[in-house]
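Take a look at the structure set out below.
Just so we're clear, the structure is a prediction, and the values are computed from it rather than from any experiment.
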Amino acid sequence: MSNSSSIIQFLLLPFADTWELQLLHFWPFLGIYLAALLGNGLIIITIACDHRLHTPMYFFLLNLSLTDFGCISTTVPKSMANSLWDTRAISYTGCVAQLFFFEFLISTEYYLLTVMAYDRYVAICHPLHYGTLLGSRACVHMAAAAWASGFLCAVLHTANTFSLPLCHGNAVDQFFCELPQILKLSCSDAYLRENGVTVLGTCLFLGCFVFIVVSYVQIFRAVLRIPSQQGRHKAFSTCLPHLAVVSLFLSTAMFAYLKPPSISSLFFDLLLAFLYSVFPPAVNPLIYSMRNQELKNAAWKLMTGCF
């Protein structure tokens with residue numbers, strides 16, 4: 001039996017048994033990571049540099065890209081380094097830091113998506129009050145609340161998780177220090193101490209989920225009342241990217257954290273973790289820019305030096 005005081009490192013799940021096969025994992029992850037950095041970095045710089053994009057919608061998109069940028073940088077580089085150097089180890093401190101920053105950024109992203117749902121609701125259902133309800137000060141306060149809420153959730157989960165005695169070794173069945181996998185290493189009786197934090201997190205999650213659903217019900221009702229087809233298409237086009245990102249994030253993350261243990265397996269858990277922690281940061285820039293001509297034009301001008 002081991003406990004947290006005697007553990008100096010954790011062993012992450014390898015993608016293959018041999019170094020040659022590990023390298024096959026390294027190169028796709030490198031490509032995905034560079035694509036995510038390029039896409040999110042371009043969105044951040046474009047919005048920050050183009051004054052025409054200094055609106056509430058793009059302000060929240062900038063914050064979302066920051067969380068995506070940080071989220072993928074928290075997990076993927078360590079996994080790539082382990083594959084390259086043919087090791088599984090991550091230090092105890094490194095695992096604590098990785099879990100904290102991942103929970104911080106993934107929670108903040110969810111709260112930002114909730115705020116962005118409110119932004120779309122006001123823009124479509126109450127356009128005449130948009131400037132009043134979503135002024136610059138209100139936007140800063142909502143973004144700050146999302147970041148602060150994510151930080152608080154991360155502190156509670158990390159402090160509570162690593163205060164538990166670990167009775168089941170130090171082998172983590174995931175390619176990064178994921179909260180459910182670390183909890184599996186804890187003693188069964190001590191695991192109950194995490195329940196209070198889990199209940200609080202679940203209440204916040206469900207509250208945000210209900211808010212997003214209600215917001216989009218009102219949005220769709222308002223859009224369907226628009227008489228012209230062109231007006232409906234324009235309204236839908238401003239909401240579809242956010243709706244796609246929310247659906248991708250919730251469907252994968254919710255299933256990863258709430259799935260019953262009976263359907264758990266190493267491959268399935270690994271696939272789910274990839275789908276909610278690596279895939280969204282890489283594809284979110286494509287989703288938001290694909291149908292957004294204003295953002296694409298600003299990015300193109302930035303790249304060609306026409307500002």
Below 4.5 Å, heavy atoms only, C-beta onward: do [X] and [Y] meet side chain to side chain?
| X | Y | value |
| --- | --- | --- |
| Leu295 | Leu61 | yes |
| Tyr58 | Thr46 | no |
| Leu84 | Leu23 | yes |
| Leu302 | Leu42 | yes |
| Leu248 | Phe279 | yes |
| Cys153 | Leu204 | yes |
| Ser79 | His25 | yes |
| Tyr33 | Leu37 | yes |

Report the distance from atom [atom1] of [X] to atom [atom2] of [Y], rounding to the nearest 0.5 Å.
| X | Y | atom1 | atom2 | value |
| --- | --- | --- | --- | --- |
| Thr108 | Leu66 | OG1 | CG | 10.5 Å |
| Tyr118 | Thr114 | OH | OG1 | 13.5 Å |
| Leu240 | Tyr288 | CG | OH | 11.0 Å |
| Ile219 | Arg120 | CD1 | CZ | 7.5 Å |
| Leu12 | Cys95 | CG | SG | 7.0 Å |
| Gln98 | Ile90 | CD | CD1 | 4.0 Å |

Would you say [Y] ends up clustered with [X] if hydrophobic residues are merged whenever their side chains have heavy atoms under 4.5 Å apart, either directly or through other cluster members?
| X | Y | value |
| --- | --- | --- |
| Tyr110 | Leu206 | yes |
| Leu21 | Leu271 | no |
| Met80 | Leu11 | no |
| Val214 | Ile212 | no |
| Leu286 | Val246 | no |

Using every non-hydrogen atom in the two residues, find where [X] and [Y] come nearest and quote the distance to one decimal.
| X | Y | result |
| --- | --- | --- |
| Pro77 | Ile72 | CD-O, 3.4 Å |
| Cys71 | Leu105 | N-CD1, 3.4 Å |
| Ala48 | Leu62 | N-CD1, 4.0 Å |
| Ile43 | Ser65 | CG2-OG, 3.3 Å |
| Asn40 | Pro281 | ND2-O, 2.8 Å |
| Glu178 | Leu99 | C-CD1, 4.2 Å |

For [X] and [Y], indicate whether the former's side chain and the latter's backbone hold a donor-acceptor pair under 3.5 Å.
| X | Y | value |
| --- | --- | --- |
| Thr161 | Thr158 | no |
| Asn160 | Leu156 | no |
| Gln9 | Ala89 | no |
| Arg88 | Leu13 | no |
| Asp68 | Ala36 | no |
| Ser186 | Ile182 | no |
| Gln174 | Asp269 | yes |

Set of residues satisfying ring pair (Phe, Tyr, Trp, His ring centres under 6.0 Å) with respect to Tyr216, sequence neighbours excluded |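 For Tyr216, the residues satisfying ring pair (Phe, Tyr, Trp, His ring centres under 6.0 Å) (neighbours in sequence not counted) are Phe220, His242.
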Take Phe175 and Ser277, measure what side-chain contact (heavy atoms from CB on, under 4.5 Å) needs, and give me the verdict at the end.
-> CA-CA 11 Å; Phe175 70 93; Ser277 66; 3.8 Å; yes
Measure centre to centre between the rings of Tyr111 and Trp147, then say whether the value is under 6.0 Å.
-> no
For this output row, return yes or no: ring centroids of Phe100 and Phe151 closer than 6.0 angstrom.
->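 Centroid distance Phe100-Phe151: below 6.0 Å, so yes.
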After noting the C-alpha distance and the side-chain angles of Lys184 and Asp173, does the key distance pass the side-chain contact (heavy atoms from CB on, under 4.5 Å) rule?
-> CA-CA 9 Å; Lys184 284 183 181 180; Asp173 290 334; 5.5 Å; no
Please walk me through it: do Asn82 and Lys78 pass side chain to side chain donor-acceptor pair (under 3.5 Å)?
-> CA-CA 6 Å; Asn82 280 4; Lys78 178 58 180 174; 3.3 Å; yes
For the residue pair Tyr92 and Phe10, categorise the inter-ring angle as parallel (less than 30°), tilted (30 to 60°) or perpendicular (more than 60°).
-> parallel
How are the rings of Phe205 and Phe209 set relative to one another: parallel (under 30°), tilted (30 to 60°) or perpendicular (over 60°)?
->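 Aromatic pair Phe205/Phe209 classed parallel.
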Could you tell me whether the side chains of Ser251 and Tyr276 share a donor-acceptor contact shorter than 3.5 Å?
-> no
Run the side-chain contact (heavy atoms from CB on, under 4.5 Å) check on Phe104 and Thr74 step by step: do they pass?
-> CA-CA 11 Å; Phe104 170 40; Thr74 301; over 6 Å; no
Report all side-chain donor-acceptor pairs from residues 122-140 shorter than 3.5 Å, counting only partners two or more places apart or in another chain.
residue, atom, partner, partner atom, Å
His126, NE2, Tyr121, OH, 3.1
Tyr130, OH, Asp119, OD1, 2.5

Within a reach of under 6.0 Å around NE2 of His233, are more than 12 heavy atoms found that belong to other residues, nucleotides or ligands?
-> no
Hey, mind stepping through Leu38 and Leu34 against side-chain contact (heavy atoms from CB on, under 4.5 Å) and telling me if it holds?
-> CA-CA 6 Å; Leu38 178 63; Leu34 292 178; over 6 Å; no
